[in-house]
Enquirer: 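Structure provided below as structure tokens; questions to follow.
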Protein chains: 2
Amino acid sequence: MTEEPRPTLEAVAARAGVSRATVSRVVNGDPGVREVLAEKVRRAVDELGYVPNRAARSLVTRRHDAVAVVIAEPETRVFADPFFALQLRGISKELTAHDIQLVLLLTEGRDDHERVGRYLAGGHVDGALVFSLHLDDPLPGIIRRAGLPTVFGGRPGWPQIEEGGPGAPYVDCDNRGGAREAVRHLMGLGRSRIAHITGALDQTSAVDRLDGYRDALADVDQGLIAEGDFTPAGGERAMRELLDRAPDLDAVFAASDLTASGALRVLRERGRRVPDDVAVVGFDDMLAVAEQTEPPLTTVRQDIEEMGRLMAGMLLRGRGGAERGTEPVEPAGVVLPTSLVRRDSA
Amino acid sequence: MTEEPRPTLEAVAARAGVSRATVSRVVNGDPGVREVLAEKVRRAVDELGYVPNRAARSLVTRRHDAVAVVIAEPETRVFADPFFALQLRGISKELTAHDIQLVLLLTEGRDDHERVGRYLAGGHVDGALVFSLHLDDPLPGIIRRAGLPTVFGGRPGWPQIEEGGPGAPYVDCDNRGGAREAVRHLMGLGRSRIAHITGALDQTSAVDRLDGYRDALADVDQGLIAEGDFTPAGGERAMRELLDRAPDLDAVFAASDLTASGALRVLRERGRRVPDDVAVVGFDDMLAVAEQTEPPLTTVRQDIEEMGRLMAGMLLRGRGGAERGTEPVEPAGVVLPTSLVRRDSA
DNA sequence: TTGAAAGCGCTAACAA
DNA sequence: TTGTTAGCGCTTTCAA
């Protein structure tokens, strides 16, 4: 590693024939510098290829221009789906536009939680974007205690209103509304025995989608609800269960596209035609899945990348948890709309 | 943001009744400190909840304990597959074990290249792990010029041996060997008209898999090769082409599982039974795809997470590009073995 | 509008 | 073995 000493403020100042302070002002866009000098400085910066030393800057400003993205418990099956990739893209775009660095923290298991907690509390980043999948995850608590501005991805599992204060800021899609729309679509198709395969019910998204399903139905036949876990295998299992329990069902709303893909396989295996005998609607609009199933899947789309962008935006605009001074007026959560994408399965 | 001033070395030193230097030594594991004092210091650290200020440390050590992960051109279709998620997991695990931070840099388009180049050259990280998908990507060049230790994910597209020096370090799976094994497996099944749907040929992985296909065959019928692009749609297109051009084919080796899934759909549509009429082998062993196709896909597995871990390991062990002093003796690239996973399609 | 100077919290000689 | 001290490169009062 050839250690070519990179130019410092000092060097730029010397070259431009001004003081370090002036260079600093120009570099940081302080308007109180005569244009003649500013120009000189800019030229010197260019010629020398000067890049500010972030460490030195942080040391005095106590800012880091970096935020942590914490993805908790990325079990293979969950993490490996395109969800986080897209969300990361959205986040990255927004952060990049503001010249903020993205520090990625992946955790699995208790030890990691502690490590992450220490890191976040350690004051190395200016804020955090947190994805916590499970209701009983201790990480959100740890993070809140760290007193760092934070925005959550997905509605957090704990009660939003605490001690009169605002809840934790989060971004989510309208799981409940989307589910409602899916079921209503099936009803519009004339289906009357509409089953639901849930997601993993220790995640708010699954709970909300189940609630949406219930919303849409006048009265719900419990026998038409089977528990899944967002995976194809879970979808298969639940579909078999449903078919045994309620052979007369004529539609299925699955909590995810992956779930639906499993359900479709079982339906095919059992000789039910889709959508003729049984109409199927998924959730997510994961293209790699929804477009590839047999038949292609009608599903509820959520704009995942946009959710990421929004999370980052909220954090940067100071909507992160630990506010300073003025109490936040806006609601804690931002919920993005979903839309139904019609393909062939319903 | 309540700015509770976090304790400094100074504070710990005062509390422990020693000098800052001693505290620093203890914190950094310098053995030359009497156990009595060390213990006192450790207690003070605990009581105060002291966490070293990384900025201050970097400023003097000129190290950052941070590594950049650069993912170039994450077009939706490519980035959204589980590949990077898994690789990131592997990388994250290795870095975490060494208490190194992961700074994620996603790029799309020229402007970003420049920005990334500037960031890497700016000396904010100690090294970089780079995923560049396309042969003509300018990013690798930019990065090498930045003079930062770097390990590439996937065999880089430029010639490995330059001016007698070692090539750029990289980690890849044995694309060529895996392809060879896939084709030989098909031959072992008695197939004689084995077609190949390539990946995007501006990526080395696709080129290497094509070479492997050619290796296995005594003489290759060009009519049995169709160009794909790693997507299902590409697989469909290529499969149609092949079926028209060589209706007598009895096997297909697809450059990826996604490609294979498209091919399977066309085969079904054309009434060819798999594997009876046409045997199909994919590449990647992406579970979400390979286990879900109809029939489940026989494919070549690569251990993606392990590749990530290895990349990080190489970088940390100083095998990154810009060496200091001793010339690296090991070969530039590390190639991980693949293995054939048999399911039902071949 | 500009410059001089005082640190930010830490490590690393060097002395003791 | 421990302490003293001199910066690392930057921002930010404060004076000029």
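Quick note on labels: first sequence line is chain A, next is B, and so on, each numbered from 1. Values reported hereafter were calculated over all heavy atoms of this structure, with side chains retained and with hydrogens, waters and symmetry mates removed.
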Enquirer: Rounded to whole Å, please give me the gap between CZ in R63(B) and C1' in dC10(C).
Expert: 13 Å

Enquirer: Checking R115(B) against D112(B) for the salt bridge (charged side-chain N to carboxylate O under 4.0 Å, His left out) test, could you report, in this order, the C-alpha distance in whole Å, the side-chain angles of both residues, the deciding distance, and whether it holds?
Expert: CA-CA 5 Å; R115(B) 172 179 60 82; D112(B) 281 4; 3.6 Å; yes

Enquirer: Relative to each other, are the rings of F84(A) and F131(A) parallel, tilted or perpendicular (30° and 60° limits)?
Expert: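 F84(A) and F131(A): perpendicular rings.
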
Enquirer: If we only count heavy atoms from C-beta on, is the Q101(B) to L105(A) side-chain gap below 4.5 Å?
Expert: yes

Enquirer: Atom CG of N53(B) to atom P of dC10(D): distance rounded to whole Å?
Expert: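 Going from CG in N53(B) over to P in dC10(D) covers 16 Å.
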
Enquirer: How many whole angstroms separate atom CZ of R62(A) from atom C1' of dG7(C)?
Expert: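 It is 11 Å, rounded to the nearest whole Å.
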
Enquirer: Could you check if a side-chain atom of L120(B) sits within less than 4.5 angstrom of a side-chain atom of V70(B), using non-hydrogen atoms only?
Expert: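 Side chain of L120(B) against side chain of V70(B), heavy atoms only: contact under 4.5 Å found.
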
Enquirer: Could you check if a side-chain atom of R25(B) sits within less than 4.5 angstrom of a side-chain atom of V41(B), using non-hydrogen atoms only?
Expert: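 Of all side-chain heavy-atom pairs linking V41(B) with R25(B), none is under 4.5 Å.
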
Enquirer: Is any side-chain nitrogen or oxygen of R57(B) closer than 4.0 Å to OP1 or OP2 of dG9(C)?
Expert: no

Enquirer: Compute the angle between the rotation axes at the two ends of the helix from dT1(C)-dA16(D) to dA16(C)-dT1(D), each taken over five pairs, rounded to 10 degrees.
Expert: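 That helix gives 30° between its end axes.
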
Enquirer: Could you please name the option among dG9(D), dT2(C), dC10(D) that lies closest to any side-chain atom of L9(A)?
Expert: dC10(D)

Enquirer: Within the structure provided, determine whether E108(B) and R89(A) are in side-chain contact (heavy-atom separation under 4.5 Å).
Expert: yes

Enquirer: Look at K93(A) together with E306(A) and state whether they make a salt bridge at an N to O cut-off of under 4.0 Å.
Expert: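 Between E306(A) and K93(A) there is no salt bridge, as every charged N stays at least 4.0 Å from the carboxylate O atoms.
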
Enquirer: Quick check: do L9(A) and S24(A) have side-chain heavy atoms less than 4.5 Å from each other?
Expert: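 Yes, their side chains come closer than 4.5 Å.
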
Enquirer: For the pair made of NE2 in H124(A) and C1' in dC10(C), what is the distance, rounded to whole Å?
Expert: 13 Å

Enquirer: Taking C-beta and beyond as the side chain, do L139(A) and H113(A) meet within less than 4.5 Å on heavy atoms?
Expert: yes

Enquirer: So which of residues 18-31 of chain A are in contact with DNA chain D, with a heavy-atom cut-off of under 4.0 Å?
Expert: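 R20(A), A21(A), S24(A), R25(A), N28(A) - these, ordered by number, are the residues of the stretch whose heavy atoms sit under 4.0 Å from the strand.
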
Enquirer: In whole angstrom, what separates E10(B)'s CD from dT11(C)'s C1'?
Expert: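 My rounded result for the distance is 14 Å.
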
Enquirer: Between L48(A) (CG) and dG9(D) (C1'), how many Å, whole number?
Expert: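 Value for this atom pair: 15 Å.
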
Enquirer: Rounding to an integer number of Å, can you tell me how far R6(A) CZ sits from dC10(D) C1'?
Expert: 13 Å

Enquirer: Atom CG of L59(B) to atom P of dC10(C): distance rounded to whole Å?
Expert: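 Nearest whole value for this atom pair: 12 Å.
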
Enquirer: From C-beta outward on V60(A), which listed nucleotide comes closest to its side chain: dC10(D), dT2(D), dC10(C)?
Expert: dC10(D)

